[in-house]
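None of the values given here were measured: they were computed from a predicted structure. Throughout, protein chains are lettered first and strands after them, A, B, ... in sequence-line order, and every chain is numbered starting at 1.
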Amino acid sequence: MAEYIPQSTEESWQKAWDAANIFHAEFNDDNPTFYCLEMYPYPSGKMHMGHVRNYSIGDAVARYKRLMGFDVLYPMGFDSFGMPAENAAIAEGGHPHDITERNMASITDQIKRMGFSYDWRRLLKSHDPQYYRWNQWFFLKFLENGLAYQEFAPVNWCNSCNTVLANEQVKAGRCWRCNGPVIQKEMSQWFLNITKYAQELLDGLDTIDFPENVKALQQDWIGRSEGAEIEFSVEGRDDKISVFTTRPDTLFGVTFVTLAPEHELAQRLVEGTDYEKDWKTLHDEIVIMSEFDRIKNMGKKKGVPTGSFAIHPLTGEHVPIWIGNFVIASYGTGAVMAVPGHDERDFEFANKYEIPIKRVLVMTENASADSALEAAECDLGWMVNSGIEGFDGLYGSDAKSAVCDALEKKGLGQGTVNWKIRPWLISRQRYWGTPIPIIHCESCGVVPVPEEQLPVELPRDVVFDGKGNPLESSATFCNVDCPSCGKPARRETDTMDTFVDSSWYFLRYTDSMQNEMCFNPEIANHWMNVDFYCGGIEHAQMHLIYARFWTKALRDIGLHNIDEPFNELLCQGMVNKSAPWCDSCAITLNVSHSGNSCPHCDSELSERSAKMSKSLGNTVSPEEMIEKYGADTVRLFILFAANPTAGMDWSDSALEANYRQMVQLFSMPENILAWDGDASGIDLWMKARLKQRCIQWQEAMDNYDLRGAVDASHFDLIKDINWYRRRGGANSSLGREVLEVWTHMISIATPHIAEDWWRLLGHSDLVAGRVFDTPGPLDSDELAALDSEAYLRSFLEQARKVAKVASKHLGGEPNSAVIHISRPWKRELAQSAIAHLESGENIKIFAKVLADLPFAQGDMRGEVMGFWGKRMLPQIFKWSDEEKQIIASSLDEGNVLRVASDFICSDLGLTGIDIESGVIDVGRSNTAIPLAPSIVYS
RNA sequence: GCAGGGGUAGCCGAGUUGGUCAAAGGCGCCGGGCUUAAGAUCCGGUCUCAAUGGGUUCGUGAGUUCAAAUCUCACCCCCUGCACCA
């Protein structure tokens with residue numbers, strides 16, 4: 001028998017696929033399309049298990065859709081700009097370009113070894129000038145329509161990366177990439193006004209199939225809050241203070257106004273007064289802090305008075321103006337109307353500085369307006385103490401809009417919506433990214449690079465010394481003539497955030513084999529949007545928001561007509577492996593501590609599953625695993641070990657088990673093709689079972705339940721074949737039929753072995769390039785065959801249980817049995833009860849119906865009625881739909897067992913069985929009920 | 001605090017339109033067949049008891065129902081994100 005040696009066959013099948021061009025996606029207007037995409041990977045030098053899992057999932061989906069007759073677009077490429085390559089260039093010398101190309105070549109080899117069905121012709125790489133020129137082109141378009149702009153602003157600055165960061169790239173006050181501290185710095189920067197699309201980004205979430213948690217993350221990030229912008233004038237000055245609040249209904253409770261220390265008015269209010277010194281102290285303390293540290297320190301509320309007063313827009317009251325450390329300049333207007341009676345933070349602040357607290361809401365209707373406030377009452381309530389006619393008694397949104405209306409009439413405020421999402425800062429002071437196509441001219445100012453001069457390419461004559469922006473070291477790059485006036489000018493040296501690259505790559509894939517335009521709108525519209533997008537949850541807010549924004553922005557400059565780039569998003573779970581865990585320190589340790597005690601507290605270590613990571617040392621190299629077991633085994637393990645969205649634990653023993661499964665599968669065609677029998681009674685069952693498994697497999701795949709699909713194709717069918725053989729089946733032509741269908745089913749998860757099978761079946765084409773002619777639905781004969789076999793199997797299971805008990809009583813192994821099928825009236829009873837139930841009647845009145853049935857008359861009445869109440873009533877509900885259907889069907893229990901009696905005897909080790917059915921008087925064996933005959937051994 | 005997702009047998013994990021559920025499948029473990037033998041494979045078992053039956057199980061407690069892993073309420077715990085956000 002041939003041996004399973006995937007190492008020697010897999011690569012040749014990969015070459016065969018390649019040579020046959022079967023993964024090339026072509027534009028056919030009439031065919032149904034499917035766009036399957038995995039998140040644009042950064043080309044590190046090595047493929048890791050996360051990649052393997054991601055692509056194994058995507059590839060199975062792509063192959064499935066191809067089998068089902070779709071034109072499948074399934075491309076691959078590299079998000080190849082970014083700081084790791086530049087940092088490597090600084091650390092080890094060399095150039096980011098060369099390092100990137102080297103890494104790409106090596107990871108590409110590894111990806112190809114897995115046999116994924118990509119259309120490699122469409123390969124993208126961000127650092128290709130033919131790619132990033134379009135980033136520049138889009139930027140110019142955005143500049144034209146005002147979506148891109150430059151602003152001098154305080155920004156997040158990462159010292160170790162030497163660049164600014166977008167807000168969402170700052171995690172817990174630290175750089176998302178290097179984890180270094182982030183400080184605030186004022187710089188002139190380029191922004192894209194993503195806030196213009198905030199509402200659409202929020203609404204769009206309802207139209208796409210993203211997981212709930214991703215939707216929640218995006219909603220949080222977009223951060224819509226509805227409220228009012230209200231203007232307070234300042235006593236004795238022309239200045240106005242504009243505040244944003246979500247609670248205009250509490251406006252009458254304002255007892256002070258608070259400004260951010262760096263609010264431009266703050267300084268002017270205190271200048272030259274006694275209050276200036278205190279303000280200066282607070283201000284200086286605040287401005288050096290990162291936003292994160294400020295928020296962290298908000299627990300310690302600090303404030304200084306200004307000595308000035310603001311004028312309440314509706315009542316005209318004068319309230320003091322304070323400066324507080326808890327107000328952030330960049331959020332809203334940098335000023336807060338403080339309502340201590342109904343806001344916890346203001347309550348605390350007012351108490352600390354002895355500012356009056358006023359009740360303007362009550363929490364129950366008609367409650368006393370004078371009751372004391374023990375704490376801030378922050379829920380919605382009924383307005384009281386408004387001091388102006390027409391507000392008291394209003395609640396919730398009525399209260400809010402009444403206040404907004406009043407403000408609007410006076411021109412001092414209006415209802416408005418505030419967003420947490422802020423303009424996207426795209427400037428980066430690094431080399432390895434898309435140069436921003438701008439020229440700074442002393443006389444003309446900021447001049448866009450003319451379109452025909454694109455791309456602005458990255459220069460090679462650059463010094464990577466880790467000091468400042470390397471682009472500034474290139475004279476050839478920086479010195480340029482102004483396109484407008486021709487005088488010497490200087491190029492912008494900022495490059496774009498690399499999230500720009502991944503914001504439209506999926507559009508480029510649809511038409512990446514030309515350099516005339518970014519993509520042809522007709523072609524993009526044909527393939528888009530992405531039907532199935534698979535990747536990690538870590539991109540839930542950055543990439544997945546930017547890409548949605550970019551898609552809408554390109555739509556609005558007329559490049560396509562797609563609203564949302566991704567339809568179904570699947571976030572694959574982590575790949576974990578156990579690592580030492582200290583329960584008392586609550587930390588996971590590097591695997592080098594395995595078997596030792598905790599290095600911190602010396603207590604005993606246990607094991608816990610943790611995300612594979614270099615720092616824990618619990619990684620598994622895909623390369624080694626492929627080398628050892630072959631790509632198909634790794635793929636099978638990955639898909640079978642857990643559902644795509646669940647975390648999965650790496651297990652060497654489970655991997656070995658899957659390898660054995662592959663070995664077994666490999667031998668299947670040879671075994672089956674050696675069958676030399678003729679048609680037999682069990683053939684119908686085998687045919688039906690094959691159809692059933694195929695349906696199960698299709699349903700699972702349609703729901704992206706890859707585990708369920710693999711279960712049917714790689715595990716269940718083997719068991720079915722075994723059963724068929726046990727039941728005497730060996731029909732050679734049926735065997736071939738099974739294999740033909742089965743090969744298609746295994747080809748999506750383990751494509752190489754599927755080709756082995758296909759070749760053994762005598763085909764000269766490739767199964768990977770086929771459309772699957774599925775066996776279709778089950779007919780009634782096939783359903784009956786499934787029923788009778790299911791009945792037989794459950795009978796055997798029961799008979800074995802009983803045999804155990806019986807041998808105790810008999811004092812030895814039984815050698816024969818009498819099987820009593822339930823008496824005919826019991827089946828009739830069951831049938832009428834099921835019919836009764838299914839007609840929608842209440843089961844409780846069935847006893848009356850029963851009393852009129854023919855078999856419940858005379859002497860039998862007592863027994864029948866008793867049996868109904870005690871035994872049959874609960875049983876009716878225990879039967880499955882399938883079993884109920886069998887009972888209602890024409891299945892003849894006695895006949896099924898009689899036909900199979902030889903098989904039953906050999907299976908139970910009996911010399912003979914006697915089957916009694918249709919018998920009225922069965923003596924002591926009256927426990928039999930439909931589908932559960934009684935068995936008496938002797 | 002708010003939001004989203006979870007808690008199922010030794011472990012992993014399916015199952016949540018109430019009855020198909022003592023609960024799929026995998027791993028582990030045990031027994032048997034095959035084999036000179038090992039591995040692989042095949043068959044069976046794997047909550048519990050006085051066992052063709054009964055008892056007790058699906059985070060905890062209560063409730064609805066003829067019937068609850070599944071529905072309702074409260075609580076506990078875990079993961080993820082947001083957070084003195086105006």
Side-chain angles (χ1 to χ4, degrees), chain A residues 211-221 223 225 227-228 230 243-248 250 258 295-301 324-328 331-339 343-349 376 378 418 420 537-538 540-541 609 637 640-643 645-649 651 653-654 656-658 660-661 663-664 667 671 705 707-708 710-712 715-716 718-719 722-723 725-726 796-806 808-809 820 837 842-844 873-885 907 909 925 927-929 932-937:
Chain A
E212 283 309 314
N213 57 337
V214 175
K215 287 189 184 182
L217 284 171
Q218 297 215 345
Q219 275 159 6
D220 277 352
W221 189 258
S225 56
I230 300 174
V243 303
F244 176 78
T245 178
T246 54
R247 295 298 301 274
T250 63
T258 316
I295 290 169
K296 217 171 63 181
N297 279 309
M298 279 183 187
K300 302 170 205 123
K301 280 183 204 48
N325 66 342
F326 57 87
V327 182
I328 295 168
Y331 190 84
T333 58
V336 177
M337 65 174 216
V339 184
D343 181 285
E344 263 175 51
R345 187 191 54 198
D346 297 341
F347 185 86
E348 202 184 307
F349 191 88
C378 304
N418 198 35
K420 199 173 86 172
I537 185 78
E538 67 274 17
Q541 60 234 132
S609 137
F637 168 70
F640 190 63
N643 274 329
T645 54
M648 65 171 272
D649 290 336
S651 151
S653 61
E656 277 166 39
N658 283 287
R660 291 198 296 271
Q661 195 75 21
V663 170
Q664 198 186 347
S667 68
N671 288 336
D705 173 11
R707 190 176 192 274
V710 165
D711 209 352
F715 293 84
D716 290 341
I718 293 186
K719 290 176 200 155
N722 286 334
W723 178 256
R725 296 286 290 151
R726 277 176 75 192
L796 286 171
E797 203 171 305
Q798 181 67 7
R800 270 192 294 267
K801 263 190 199 167
V802 176
K804 263 202 227 165
V805 180
K808 279 190 208 163
H809 293 301
H820 299 275
L837 193 66
N842 190 327
I843 200 68
K844 285 175 183 169
L873 174 60
Q875 184 63 48
I876 291 290
F877 294 109
K878 279 194 175 177
W879 280 318
S880 66
D881 288 345
E882 197 189 13
E883 284 168 325
K884 284 183 198 159
Q885 184 256 313
D907 200 69
S925 303
T927 52
I929 60 165
S934 85
I935 303 151
V936 180
Y937 285 99

Asks: Which base sits across from B/U52 as a Watson-Crick or G-U pair, both distances under 3.5 Å?
Replies: none
Asks: Does a side-chain heavy-atom distance below 4.5 Å link A/F244 with A/S225?
Replies: yes
Asks: Which base, if any, makes a Watson-Crick or G-U wobble pair with B/G4, both distances under 3.5 Å?
Replies: B/C79
Asks: Between B/G53 and B/A40, how far is it from one P atom to the other, in whole Å?
Replies: 36 Å
Asks: A side-chain contact here means heavy atoms from C-beta on lying under 4.5 Å apart; do A/I718 and A/Q664 qualify?
Replies: yes
Asks: So, OP1 or OP2 of B/C82: does either fall under 4.0 Å of a side-chain N or O from A/K215?
Replies: no
Asks: With both distances under 3.5 Å as the test, what is the Watson-Crick or G-U wobble partner of B/G18?
Replies: none
Asks: Quick one: which of B/G25, B/G4, B/C42 gets closest to the side chain of A/D711?
Replies: B/G25
Asks: Just call it for A/F640: base, sugar-phosphate, or nothing, with non-hydrogen atoms closer than 4.0 Å on any strand.
Replies: sugar-phosphate
Asks: Among B/C85, B/C42, B/U41, which nucleotide sits nearest the side chain of A/N722?
Replies: B/C42
Asks: Find the partner of B/U65: check Watson-Crick (N1-N3 plus N6-O4 or O6-N4) and G-U wobble (N1-O2, O6-N3) distances, both under 3.5 Å, and reply none if neither fits.
Replies: none
Asks: In the structure I gave you, are the side-chain heavy atoms of A/I537 and A/V214 within less than 4.5 Å of one another anywhere?
Replies: yes
Asks: Determine: side-chain N/O of A/Q664 to OP1/OP2 of B/C42, distance under 4.0 Å, yes or no.
Replies: yes
Asks: Quick one: A/E656 CD to B/G26 C1', roughly how many Å, whole number?
Replies: 15 Å
Asks: Identify which nucleotide among B/C82, B/A86, B/C42 has an atom closest to any side-chain atom of A/K420, counting heavy atoms from C-beta outward.
Replies: B/C82
Asks: Would you call A/D907 and A/R726 a salt bridge, taking side-chain N to carboxylate O under 4.0 Å as the test?
Replies: yes
Asks: With a 3.5 Å limit on both atom pairs, tell me what B/C29 is paired to, counting Watson-Crick and G-U wobble, or say none.
Replies: B/G45
Asks: Could you please name the option among B/C42, B/G81, B/G4 that lies closest to any side-chain atom of A/L217?
Replies: B/G81
Asks: Looking only at the side chain of A/I718 (C-beta and beyond, no hydrogens), which of the listed nucleotides B/G25, B/A3, B/C42 gets closest?
Replies: B/C42
Asks: Which nucleotide in the list B/C84, B/A86, B/G4 gets nearest to the side chain of A/V336?
Replies: B/A86
Asks: Can you tell me how far C1' in B/U8 sits from the matching atom in B/G26, rounded to whole Å?
Replies: 16 Å
Asks: Do A/R725 and A/N671 come within less than 4.5 Å of each other through their side chains, counting heavy atoms only?
Replies: no
Asks: So how far is it from A/D220 CG to A/N213 CG, rounded to the nearest 0.5 Å?
Replies: 11.0 Å
Asks: With a 3.5 Å limit on both atom pairs, tell me what B/A74 is paired to, counting Watson-Crick and G-U wobble, or say none.
Replies: B/U60
Asks: With both distances under 3.5 Å as the test, what is the Watson-Crick or G-U wobble partner of B/A9?
Replies: none
Asks: State, with a plain yes or no, whether a side-chain heavy atom of A/V710 is found less than 4.5 Å away from one of A/R707.
Replies: no
Asks: Using the C1' atom as the point on both nucleotides, what is the distance between B/G15 and B/C30, in whole Å?
Replies: 27 Å
Asks: Regarding A/E344, tell me which of base, sugar-phosphate or nothing describes its non-hydrogen contacts under 4.0 Å with the strands shown.
Replies: nothing
Asks: From C-beta outward on A/T245, which listed nucleotide comes closest to its side chain: B/A24, B/G81, B/A86?
Replies: B/A86
Asks: Please examine the side chains of A/M337 and A/I230, heavy atoms only from C-beta on, and report whether any two atoms are closer than 4.5 Å.
Replies: yes
Asks: To the nearest Å, how far apart are A/W221 CH2 and B/C82 P?
Replies: 8 Å
Asks: Please state the P separation for the pair B/G31 and B/C79 - nearest whole angstrom.
Replies: 40 Å
Asks: Give me the distance, rounded to whole Å, that separates B/C66 from B/A74 when you measure between the C1' atoms they each carry.
Replies: 26 Å
Asks: Which one is paired to B/A40, where only Watson-Crick or G-U wobble pairs with both distances under 3.5 angstrom count?
Replies: none
Asks: Which nucleotide, B/U41, B/C85, B/G81, lies nearest any side-chain atom of A/R345?
Replies: B/C85
Asks: Polar atoms only, N or O, under 3.5 Å: list the protein pairs with nucleotides 13-15 of chain B and their distances.
Replies:
residue	atom	partner	partner atom	Å
B/A14	OP1	A/N643	ND2	2.9

Asks: Provide the distance between the two P atoms, one in B/A23 and one in B/G54, to the nearest whole Å.
Replies: 14 Å
Asks: If the P atom of B/A24 is compared with that of B/U48, how far apart are they to the nearest Å?
Replies: 15 Å
Asks: Fit a plane to each ring of A/F326 and A/F349, take the angle between them on a 0 to 90° scale, and name the class: parallel (under 30°), tilted (30 to 60°) or perpendicular (over 60°).
Replies: perpendicular
Asks: Pick the P atom in B/U57 and in B/G44, then give their distance to the nearest Å.
Replies: 30 Å
Asks: Side chain of A/R660 only, please: which of B/G4, B/A40, B/A86 is the nearest?
Replies: B/A40
